[in-house]
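I have placed the structure first, in the form of structure tokens, so that the comments after it can refer back to it.
Quick note on labels: first sequence line is chain A, next is B, and so on, each numbered from 1. Because only heavy atoms are used, hydrogens play no part in the values below, and waters and symmetry mates are left out as well, while side chains stay in.
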Amino acid sequence: MIWFDNVTCTFVKGAGLFDATFEVEKGEFVFVIGPTGAGKTTLLKLVYMEIFPDKGKVVVDKYNSSKIKQRQIPLLRRKVGMVFQEFELLSDRNVFENIALPLKVRGEKKREIKSKVYHVLDELDISDKAGHYPSELSGGEKQIVSLARAIVKDPIVILADEPTGNLDPVSSFKILTLLEQINKEGTAVIMASHNYNLIKDRGHRFIEVVDGRVSA
Amino acid sequence: MMETFLYLIAEGFKNLWREKLSVFASIFAIAIAMSFVVFGGITGQDFSRIIKVARSQYELQVFFSPMISDSEASRHVDEIIKIRGVKSANLVTKQEAAEIFEREFGENLFDLLRENPLPSSCVVKFDENVKKKFDVHPIVNQIKMIKDVEEVRYQGRLITIIERYYQGFFTIVTGIFVIILLGTMILIFNTIRLTIYSRRDLIRALKLVGATNRFVRFPFMVEGMIEGFIAAMLAGSFAYGFIRVSNYFLAVFTRYKIHWDWQVMWQFVGLMVLFSLIASRQAVRKFLK
């Protein structure tokens with residue numbers, strides 16, 4: 001489903017990703033580990049095609065980085081759920097509106113949006129927060145909302161970039177458990193983390209990134 | 001589709017509200033500047049109406065040689081009518097000239113002189129719907145070239161003065177209009193740029209969840225259009241106030257009143273909305289890659 005074929009993507013000062021080749025299967029749960037600045041975020045950005053390889057290609061579902069057209073990128077991103085360390089929630093919209101955003105973008109009907117958002121809110125047990133604004137939520141709650149926004153569009157994969165980076169251990173554990181729960185329902189998850197202790201005993205595959213070199 | 005469209009329109013309105021301070025400042029500045037344009041436009045339109053009335057009063061008197069008959073003069077009148085800018089040319093026969101003489105001086109020429117020495121003539125009127133400067137001289141020159149035309153009498157100096165003032169006014173108003181319009185476009189462009197900058201979190205979030213460029217850009221363009229519309233309506237209100245005040249002072253010196261013209265007002269609003277759309281579209285294209 002996701003295939004990195006000899007991918008090199010460099011930035012100034014020599015940082016980046018070099019000759020990365022690996023594959024992530026449909027429904028798989030993969031941790032991307034490595035120290036800060038190793039290239040984990042670069043790897044995830046390549047998946048949702050915010051950046052493109054200098055060499056090699058990234059294939060996500062039917063989209064190939066070397067052939068994809070600019071107008072196809074939004075279509076790819078509708079199939080990919082994203083969760084970030086900084087949550088990336090809109091502060092002037094409440095929880096319901098934040099979660100509804102990907103569905104609005106897809107042009108879904110109001111009734112469908114309402115039903116899907118409440119379904120996800122129930123699933124993640126945050127229905128009581130629907131009318132709250134991000135500033136009224138704790139870090140853990142914000143990340144759950146961010147997760148809800150990622151899964152509401154029923155993606156094929158969730159990319160989580162250090163989702164527990166700003167959370168306390170209890171919230172981190174909860175987020176990880178939720179990601180595993182989502183994965184069990186068939187959605188692939190790629191989670192980048194440098195917190196090895198949190199993820200070491202979860203029984204999932206590791207992709208290690210050190211100085212831009214990937215060992216899958 | 002319709003739902004998305006309505007959502008994007010609503011987002012445009014919400015954007016206005018979210019950036020209310022900068023938007024209000026920009027709308028107010030545009031409205032003040034534009035009110036002069038509306039005032040100029042409406043006064044100009046009124047002035048055009050007066051000019052039209054004045055032009056309908058312009059006339060030439062063409063005198064033919066006393067040696068030619070009325071029927072020959074009539075053929076010459078037909079030639080005059082064909083000249084560009086001439087609206088009508090009415091023949092005054094020798095007999096009619098004598099009658100006019102008798103009406104004005106109370107004397108019958110036949111009784112005095114036993115003959116009618118007055119020539120045939122014609123009264124020429126001009127087309128008052130000329131958009132630009134009306135110049136009587138080319139018409140006069142063409143008439144003078146017609147055989148048997150002995151004299152052309154007209155108020156050349158007065159016509160020239162009226163036309164010169166009208167032309168000057170028209171040029172100044174057009175110049176101010178262009179300058180203010182450009183300034184308005186820059187203001188709207190800048191407001192949208194600031195809005196884009198302050199909404200960068202939203203733009204990023206939208207792009208990450210799969211929004212197309214059109215989806216991201218549309219609310220900003222709606223915002224620009226609404227801004228233009230509100231500014232135009234405000235400018236119209238200000239101009240209406242100026243006109244009321246001007247009429248109050250004009251009443252002291254003259255019977256002339258500037259007439260409010262709704263057609264000019266709505267044309268102006270439409271133009272403003274169009275230019276606002278262009279300005280916001282340019283801003284969005286430049287700053288929202």
Side-chain angles (χ1 to χ4, degrees), chain A residues 44-45 47-51 60-61 63 69-84 86-93 97-114 117 134 145-146 148-161, chain B residues 1-24 26 191-224 226-227 281-289:
Chain A
L44 295 182
K45 280 183 173 175
V47 176
Y48 63 85
M49 298 196 190
E50 179 151 314
I51 55 174
V60 181
D61 196 28
Y63 301 101
K69 292 186 171 72
Q70 194 65 32
R71 63 185 158 81
Q72 290 177 310
I73 293 174
L75 304 178
L76 158 75
R77 290 185 184 168
R78 288 176 194 184
K79 293 185 165 194
V80 178
M82 283 169 258
V83 181
F84 299 93
E86 299 296 337
F87 321 122
E88 307 276 3
L89 296 173
L90 299 171
S91 56
D92 58 352
R93 282 154 211 246
E97 290 165 332
N98 266 287
I99 299 172
L101 199 62
L103 304 175
K104 295 259 187 201
V105 160
R106 278 207 311 221
E108 293 201 13
K109 289 203 162 60
K110 235 177 193 171
R111 208 176 332 123
E112 288 169 18
I113 292 173
K114 200 172 170 184
V117 171
V145 174
S146 173
R149 188 180 63 183
I151 63 170
V152 75
K153 57 184 175 180
D154 203 13
I156 55 169
V157 61
I158 287 184
L159 307 175
D161 191 3
Chain B
M1 190 70 185
M2 194 59 192
E3 207 136 332
T4 306
F5 180 71
L6 292 176
Y7 171 76
L8 293 175
I9 299 273
E11 278 298 299
F13 277 97
K14 281 181 192 168
N15 275 355
L16 275 178
W17 186 246
R18 283 173 192 134
E19 309 300 327
K20 46 189 171 295
L21 202 67
S22 65
V23 165
F24 174 76
S26 156
T191 310
I192 299 296
R193 183 176 71 90
L194 290 174
T195 310
I196 289 170
Y197 183 73
S198 68
R199 304 298 302 157
R200 59 195 184 283
D201 291 347
L202 170 69
I203 293 163
R204 179 169 159 74
L206 284 171
K207 288 196 165 180
L208 287 177
V209 297
T212 56
N213 274 348
R214 199 175 295 171
F215 190 97
V216 178
R217 289 171 177 178
F218 194 81
F220 292 101
M221 284 160 65
V222 170
E223 185 188 339
I226 300 166
E227 240 180 81
R281 186 169 173 267
Q282 288 305 105
V284 158
R285 284 189 151 210
K286 190 168 165 66
F287 302 109
L288 250 178
K289 302 280 183 197

Would you verify whether the NZ or CZ of [X] falls within 45 degrees of the ring axis of [Y] while also being under 6.0 Å from that six-membered ring's centre?
| X | Y | value |
| --- | --- | --- |
| K20(B) | W17(B) | yes |
| R204(B) | F84(A) | yes |
| R193(B) | Y197(B) | no |

Identify which part of [X] has an atom lying under 4.5 Å from any heavy atom of chain B, answering side chain, backbone, both or neither.
| X | result |
| --- | --- |
| K153(A) | side chain |
| R93(A) | side chain |
| Q70(A) | neither |

Minimum heavy-atom distance I226(B)-G12(B), with the two atoms named: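 Heavy-atom minimum between the residues: CD1-C, 4.4 Å.
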If you tally heavy-atom pairs under 4.5 Å against chain A, which of T4(B), L208(B), D201(B), L202(B) wins?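 Among the listed options, the one with the most contacts to chain A is L208(B).
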Taking D92(A), L76(A), N98(A) one by one, which has the highest count of heavy-atom pairs under 4.5 Å against chain B?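 Max contact count across the listed options: D92(A).
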Counting N and O atoms only, with roles assigned by atom type, does the side chain of R77(A) sit under 3.5 Å from a partner on the main chain of Y48(A), one being a donor and the other an acceptor?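 The answer is yes, because a donor-acceptor pair under 3.5 Å joins these two groups.
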